[in-house]
K.L.:
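One structure follows; several queries about it will come next.
In what follows, residues are counted from 1 in the order of the sequence shown.
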Amino acid sequence: MTAGAELFRRNGYTGTGLKQIVAEANAPFGSLYHFFPGGKEQLGEEVIRTSGMAYIALIDELIAPAPDAITGIETFFTAAAEMLVETGYADACPIATVALEVASTNEQLRVATSDVFTAWIEAGTRAFEPLGLPEAAARKLTFAVINALEGAFVLCRAMRDTEPMAAASASCVAYAHTLLAA
């Protein structure tokens, strides 16, 4: 499943073939259907759900322990920019990549991506509340962070530059200041 996650993150769902996945995993082709009798669609759903939950850990590691919301946001976006540079701008968010491709054509994968985004929104809201924001404001800030992050991933990958990530961070920090002052 790790090979599928990496390939989906880099190439998207439609740009990744089953033969590619089993070759990357150094597994026999038949093992794919043994573990995923629903084929690529079932594997895709599992990759989305598993990868999505792994990304929640980043909220717990980077935002939740921060002394304040501003520091948490800055740390979060800095880590995203560093990951892009370390991977040659190849690794971004596998959930958004797949969601953009299949939201209109594959209900099973659309639901999986929606479930993951919903879990992120809930985790972000929980992380920002103890940092001084009421629930409604924490939820709004979480939407802003996810929206900015996903957009920045697209721009950074296309431009091979982290400037969009820095701008996204600054926008979210400014919004957090507004919410904290309210």
K.L.:
About how many Å separate SG of C156 and CG of L149, when rounded to the nearest 0.5 Å?
P.N.:
9.0 Å
K.L.:
Looking only at heavy atoms, what is the nearest atom pair of M159 and P164, with distance?
P.N.:
SD-CG, 3.9 Å
K.L.:
Give the C-alpha distance, both sets of side-chain angles, the deciding distance and a yes or no for side chain to side chain contact (heavy atoms under 4.5 Å, CB included) between I73 and F76.
P.N.:
CA-CA 5 Å; I73 291 166; F76 192 73; 5.6 Å; no
K.L.:
What about M53 and L109, same hydrophobic cluster or not, with Ile/Leu/Val/Met/Phe/Trp/Tyr joined at side-chain heavy-atom distances under 4.5 Å?
P.N.:
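Hydrophobic grouping puts M53 with L109.
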K.L.:
If you group Ile, Leu, Val, Met, Phe, Trp and Tyr by side-chain heavy-atom gaps below 4.5 Å, do L155 and V85 land in one group?
P.N.:
no
K.L.:
Assess whether side chain to side chain contact (heavy atoms under 4.5 Å, CB included) is satisfied between V102 and E107, documenting all intermediate values.
P.N.:
CA-CA 8 Å; V102 302; E107 185 64 7; over 6 Å; no
K.L.:
Compare every heavy atom of E129 with every heavy atom of P134, then report the nearest pair and how far apart it is.
P.N.:
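Heavy-atom minimum between the residues: C-CG, 4.4 Å.
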K.L.:
Verify side chain to side chain contact (heavy atoms under 4.5 Å, CB included) between F143 and K140, making sure each step is shown before the conclusion.
P.N.:
CA-CA 5 Å; F143 273 116; K140 287 179 183 180; 5.7 Å; no
K.L.:
Of all the heavy-atom pairs spanning A96 and C93, show the shortest one and how long it is.
P.N.:
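Smallest interatomic distance, heavy atoms only, reads N-SG, 3.4 Å.
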K.L.:
Using every non-hydrogen atom in the two residues, find where R49 and V116 come nearest and quote the distance to one decimal.
P.N.:
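Nearest pair, atom of R49 first, then V116: CA-CG2, 4.0 Å.
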K.L.:
Any heavy-atom pair between the side chains of M83 and L58 that's under 4.5 Å?
P.N.:
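Answer no - side chains too far apart.
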K.L.:
Applying the 4.5 Å side-chain criterion to the ILVMFWY set and letting contacts propagate, would I146 and V154 be lumped into a single cluster?
P.N.:
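I146 and V154: separate clusters.
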K.L.:
Going by side chain to side chain donor-acceptor pair (under 3.5 Å), name the pairs with one or both residues in residues 160-182, residues two or more places apart or in two chains.
P.N.:
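Matches after skipping sequence neighbours: none remain.
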K.L.:
Locate the shortest heavy-atom distance separating A176 from I70; write the atom from each residue and the value.
P.N.:
CB-CD1, 3.6 Å
K.L.:
Given the rule that I, L, V, M, F, W and Y join up when any side-chain heavy atoms are under 4.5 Å apart, are I95 and L100 in one cluster?
P.N.:
no
K.L.:
What pairs of residues pass the side chain to side chain donor-acceptor pair (under 3.5 Å) test when at least one of them lies in residues 63-82, not counting sequence neighbours?
P.N.:
D68-T71
K.L.:
Could you tell me the separation between the CD1 atom of I63 and the CZ atom of R126, rounded to the nearest 0.5 Å?
P.N.:
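It is 12.0 Å, given to the nearest 0.5 Å.
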K.L.:
Nearest heavy-atom pair of E41 and N106: which atoms, and what distance?
P.N.:
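Heavy atoms of E41 and N106 come nearest at OE2-ND2, 2.5 Å.
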K.L.:
Determine whether Y89 and Y55 fall in the same hydrophobic cluster, where Ile, Leu, Val, Met, Phe, Trp and Tyr are linked whenever their side-chain heavy atoms lie under 4.5 Å apart.
P.N.:
yes
K.L.:
Test side chain to side chain contact (heavy atoms under 4.5 Å, CB included) on V145 and T142; report intermediate values, then the result.
P.N.:
CA-CA 5 Å; V145 167; T142 301; 5.7 Å; no
